[in-house]
Number of protein chains: 2
Amino acid sequence: MVTTQGEPVLHGSPYRADCPTRHILDRIGDRWTVLIVGALWDGSARFSELRRRIEGISQKMLTQTLRGLERDGLVSRTVHPEVPVRVEYALTEAGSSLREPLSALQEWAIAHLGQVSASQEDYDHADQPPATSTNHDT
Amino acid sequence: MVTTQGEPVLHGSPYRADCPTRHILDRIGDRWTVLIVGALWDGSARFSELRRRIEGISQKMLTQTLRGLERDGLVSRTVHPEVPVRVEYALTEAGSSLREPLSALQEWAIAHLGQVSASQEDYDHADQPPATSTNHDT
DNA sequence: CCGAATCCTCAGCGATACTG
DNA sequence: CAGTATCGCTGAGGATTCGG
């Protein structure tokens, strides 16, 4: 996530950091959470399998993000005490329910990506880059 | 956003970083974008007004995030060349259309926040904190 | 095979100061 | 009022290594 705790604590602003949406975005706004949830839509998977499914993820972040999801009750973790330990991860009901709003976002993304990209091109090719910096993007 | 460009470039993974959803999440996953969009649901506003509406935001991040949104074509920026310069920000059509999926997320957040918090409590009160670290949260 | 611990880099973001 | 430029801190997160 981005930071989450450095908040100076506000008072009466209508867009405070403690609104549920903000909270959830802090939770799923990181690089990997959504990808893991997406990977688990295909069914439960073991640690290594998840690593392969997502591939760009490091072992550390996979573990860390899975722990977060488990803590939130969105993902279940089942240890099979076999000889080489086997661990299965799966979406819980709550985790599965995330699919709805996430799909909405996904559809928006698909529907608007072209337009957004075009707008970016347009913006970047404008002729008033105030000298010094090419500081587009966040 | 989180990083977005350090990607090692993958090849055949089904959850590549270049999927539209991932892209959009990188865009709106930062600390302020969603808050600004939310603040503009109430109608257009000037720079200072936005600062007041959001309040926790620094001048730098407000400018930076607004630039990003403008670049993406989600927010329009209108300069009124009056004596003290006046600048109005407003959502574009595309920006407004974000309200739908964002509301879906919001509703999910509201519906599940309690459950998630409870799960966290539960998780944290488990009796196997492997010593050293209290490393919950992302 | 699953994961924890350590190290280190780099970029998000706030604070501050300066322009038009 | 509406920015832009610079500096410094902090923490996300990749690489690597060790344990069960």
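Quantities reported herein were computed from a predicted structural model and do not represent experimental measurements. The basis for the numbers below is simple: all heavy atoms, side chains too, and nothing from hydrogens, waters or symmetry mates. Below, chains carry the letters A, B, ... as their sequence lines are ordered, and counting in each starts from 1.
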Backbone of W32(B) reached by a side-chain donor or acceptor of D30(B) within 3.5 Å: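 Flag set: sc D30(B) to bb W32(B) pair under 3.5 Å.
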
Using only atom types and a distance under 3.5 Å, with no angle test, would you say the side chain of T33(B) pairs donor to acceptor with the backbone of I28(B)?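 No; judged by distance alone, with no hydrogens or angles, the pair does not exist.
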
May I have the distance from [X] (atom [atom1]) to [N] (atom [atom2]), rounded to whole angstrom?
{"X": "D26(A)", "N": "dG12(C)", "atom1": "CG", "atom2": "C1'", "result": "14 Å"}
{"X": "R67(A)", "N": "dA4(C)", "atom1": "CZ", "atom2": "C1'", "result": "9 Å"}
{"X": "E70(B)", "N": "dG3(D)", "atom1": "CD", "atom2": "C1'", "result": "13 Å"}
{"X": "E55(A)", "N": "dG14(D)", "atom1": "CD", "atom2": "C1'", "result": "16 Å"}
{"X": "Q59(A)", "N": "dA4(C)", "atom1": "CD", "atom2": "C1'", "result": "8 Å"}
{"X": "L50(A)", "N": "dG3(C)", "atom1": "CG", "atom2": "C1'", "result": "14 Å"}
{"X": "L62(B)", "N": "dA2(D)", "atom1": "CG", "atom2": "C1'", "result": "10 Å"}
{"X": "Q64(A)", "N": "dA12(D)", "atom1": "CD", "atom2": "C1'", "result": "8 Å"}

Using a cut-off of strictly less than 4.0 Å, decide whether R46(B) has a side-chain nitrogen or oxygen near OP1 or OP2 of dA2(D).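 It does, given that an N or O in the side chain of R46(B) lies less than 4.0 Å from OP1 or OP2 of dA2(D).
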
Would you indicate which nucleotide in [options] comes nearest to any side-chain atom of [X]?
{"X": "S58(A)", "options": "dG14(C), dG14(D), dG3(D)", "value": "dG14(D)"}
{"X": "R86(B)", "options": "dC13(C), dA2(D), dG14(C)", "value": "dA2(D)"}
{"X": "R31(A)", "options": "dG13(D), dG3(C), dA2(D)", "value": "dG13(D)"}
{"X": "T63(A)", "options": "dC13(C), dG3(C), dG20(C)", "value": "dG3(C)"}
{"X": "Y89(B)", "options": "dG14(D), dG3(D), dG14(C)", "value": "dG3(D)"}

Contact class for R51(B) (heavy atom, under 4.0 Å): base, sugar-phosphate, or nothing?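 Touches nothing.
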
Please work out if R77(B) contacts a base, only the sugar-phosphate, or nothing of the nucleic acid, heavy-atom cut-off 4.0 Å.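 Contact class for R77(B): sugar-phosphate only.
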
Could D26(A) and R31(B) be called an ion pair, given the rule that one side-chain N must be under 4.0 Å from one carboxylate O?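 Judged by the 4.0 Å cut-off on N to carboxylate O distance, D26(A) and R31(B) do not form a salt bridge.
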
Do E49(A) and R53(A) meet the salt-bridge criterion of a basic N to acidic O distance under 4.0 Å?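 Salt bridge flag = yes for E49(A) with R53(A).
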
If you measure only the distance, is there a donor-acceptor pair under 3.5 Å linking the side chains of E88(A) and S44(A)?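 E88(A) vs S44(A): donor-acceptor pair found between side chains.
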
5'-most contact on DNA chain C: K60(A) or P84(A), nearest heavy atom basis?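 Counting from the 5' end, the first nearest nucleotide belongs to P84(A).
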
